[in-house]
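A, B, ... follow the sequence lines: proteins, then strands. Residue 1 opens every chain.
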Amino acid sequence: MTHSLRIISWNINSLRLRLPLLERLTHEARPDIICLQETKVEDALFPLDAVRALGYEHCVFRGQKSYHGVAIASRIPLSNVEIWDVVGDASARHISAALDNGIHVHNLYVPAGGDIPDPALNPKFAEKLRCVQEMTRRAATMTQQPSILVGDFNIAPLEHDVWSHKQLSDVVSHTPIEIEHCHAWREAGAWRDVARHFVPHTEKLYSWWSYRARDWKASNRGRRLDHIWVSPHLYDACIAYESFPHMRDWEQPSDHIPIMLTFSL
DNA sequence: ATGGTCGATATTCGA
């Protein structure tokens, strides 16, 4: 009898503000490992006691004041913690750790990229592409070991990862150059896009809805920006994929919902 | 074509 583990990825958009939502999520989904992005808290102020009190004794994190920030909270021990400078400006966008079964967990927050999808005109878009290229460069090495790569990639790579493929083709997150970079990145590591392994490509699937919509559910103009990828070692270990769209209706929600992989050991 | 709303922080910036 093998046993299974659950891993969640969530852009929480301020960990300190949304600790109560994190608690509700843990009670509902009982994840073993939680990867958070946009914690928006510097390391000295990380609410370690509160996260441990939820049952996640093993926490690693890299934050900065106001922006970005990533964390891995786990019920099982973590080792071999690494923090990569994926953009070249030391912003807190990556952290990884190994589980005691040898699986490496990488948690990544790709730059959003600003509004203009041209690297020559927009330094933020250039930075986004550089980040994806850096992860592409590392992909083959990463997937030599059993690895799970999760996070907010800020790219919706497939036609039905956005509410309108046509209308978003010139909107940062779904432009042809980002999609091309994203596919090259995935293929460089033979990463499997877990959500699309379980949900047909013809079906709309989102993980983010803008705060700016009057009624996010009625307009339903979502995008799938958050991802869970696994290396070939773990293809057969993937049991289920789930997301939590009802959490977008909770009080003071993040604009992203958590996504979860269940995998066997 | 524009603006719409958040969060952290400071009265703006990033998303």
Side-chain angles (χ1 to χ4, degrees), chain A residues 9-25 35-47 50-51 61-71 85-94 107-119 121-132 150-157 161-164 166-175 178 182 206-227 244-259:
Chain A
S9 176
W10 187 22
N11 180 324
I12 194 170
N13 188 16
S14 174
L15 170 58
R16 285 175 293 177
L17 184 69
R18 274 181 257 285
L19 272 168
L21 298 195
L22 182 65
E23 179 171 18
R24 281 178 75 179
L25 172 65
C35 297
L36 299 171
Q37 305 88 37
E38 282 209 272
T39 53
K40 294 188 174 179
V41 58
E42 56 194 302
D43 292 345
L45 299 177
F46 189 92
V51 175
F61 44 85
R62 174 62 138 211
Q64 62 185 83
K65 205 171 183 175
S66 300
Y67 307 119
H68 320 318
V70 285
D85 181 2
V86 288
V87 169
D89 68 349
S91 55
R93 296 182 177 279
H94 167 274
N107 182 16
L108 179 68
Y109 177 47
V110 175
D115 289 331
I116 303 164
D118 182 338
L121 298 176
N122 174 8
K124 289 181 191 169
F125 194 73
E127 175 188 68
K128 181 178 198 172
L129 297 184
R130 274 207 314 279
C131 177
V132 172
V150 311
D152 176 4
F153 297 177
N154 269 312
I155 300 174
D161 292 340
V162 293
W163 63 275
S164 168
K166 193 170 180 173
Q167 285 178 260
L168 291 190
S169 284
D170 59 355
V171 174
V172 170
S173 71
H174 194 63
T175 62
E178 290 168 273
C182 190
Y206 311 138
S207 67
W208 172 90
W209 292 262
S210 171
Y211 283 127
R212 296 177 189 179
R214 203 170 307 158
D215 182 335
W216 74 273
K217 199 185 280 180
S219 57
N220 197 23
R221 295 184 169 190
R223 306 177 200 170
R224 187 171 72 100
L225 304 178
D226 303 273
H227 300 274
F244 299 83
H246 62 287
M247 286 182 60
R248 189 63 181 74
D249 263 340
W250 285 2
E251 193 178 341
Q252 272 203 303
S254 170
D255 45 356
H256 295 254
I257 58 167
I259 59 176

(request) Inspect the surroundings of CZ in R224(A) and state if more than 12 heavy atoms from other residues, nucleotides or ligands are less than 6.0 Å away. (result) yes
(request) Quick one: list whatever passes side-chain hydrogen bond (donor to acceptor under 3.5 Å, both in side chains) with D226(A), sequence neighbours left out. (result) S207(A), H256(A)
(message) What I'd like to find out is whether the side chain of K40(A) reaches to under 4.5 Å of the side chain of N13(A), using heavy atoms alone.
(response) yes
(message) If the condition is ring pair (Phe, Tyr, Trp, His ring centres under 6.0 Å), which residues does F125(A) pass it with, not counting sequence neighbours?
(response) none
(request) Rounded to whole angstrom, note down the P distance from dT2(B) over to dC6(B). (result) 23 Å
Protein-nucleotides 9-14 of chain B N/O pairs under 3.5 Å:
residue	atom	partner	partner atom	Å
dG14(B)	OP2	K124(A)	NZ	3.4

(request) Could you work out the separation of dT9(B) and dA15(B) based on their C1' atoms and round it to a whole Å? (result) 15 Å
(message) Pick the closest DNA chain B nucleotide for A213(A) and for N11(A) by heavy atoms, then say which residue is nearer the 5' end.
(response) A213(A)
(request) Would you kindly give the CG-to-C1' distance between D255(A) and dT5(B), to the nearest whole Å? (result) 9 Å
(request) Figure out the CD/P separation between E127(A) and dA15(B), and round it to whole Å. (result) 8 Å
(request) Provide, to the nearest angstrom, the distance between the CG atom belonging to L17(A) and the P atom belonging to dT5(B). (result) 18 Å
(message) I need the NE2-C1' distance between H256(A) and dG7(B), as an integer number of Å.
(response) 13 Å
(request) For nucleotides dA1(B) and dT12(B), find the distance between their C1' atoms and express it as a whole number of Å. (result) 24 Å
(request) Starting from C1' on dG7(B), measure out to CZ on R18(A) and report it in whole angstrom. (result) 8 Å
(message) Nearest whole Å is fine: how far is dT2(B) C1' from D115(A) CG?
(response) 12 Å
(message) For the CD1 atom of I116(A) and the CG atom of D170(A), what is their distance to the nearest 0.5 Å?
(response) 12.0 Å
(request) Check the angle between the aromatic planes of W216(A) and W209(A) and answer parallel, tilted or perpendicular using the 30° and 60° thresholds. (result) perpendicular
(message) Please report the distance, rounded to the nearest Å, between CH2 in W209(A) and C1' in dG4(B).
(response) 19 Å
(message) Check this for me: D249(A), atom CG, are more than 12 non-hydrogen atoms of other residues, nucleotides or ligands nearer than 6.0 Å?
(response) yes
(request) Could you state the atom-to-atom distance from CZ of F125(A) to P of dA15(B) in whole Å? (result) 14 Å
(request) Specify the residue among L15(A) and G114(A) whose closest nucleotide of DNA chain B lies further upstream toward the 5′ end. (result) L15(A)
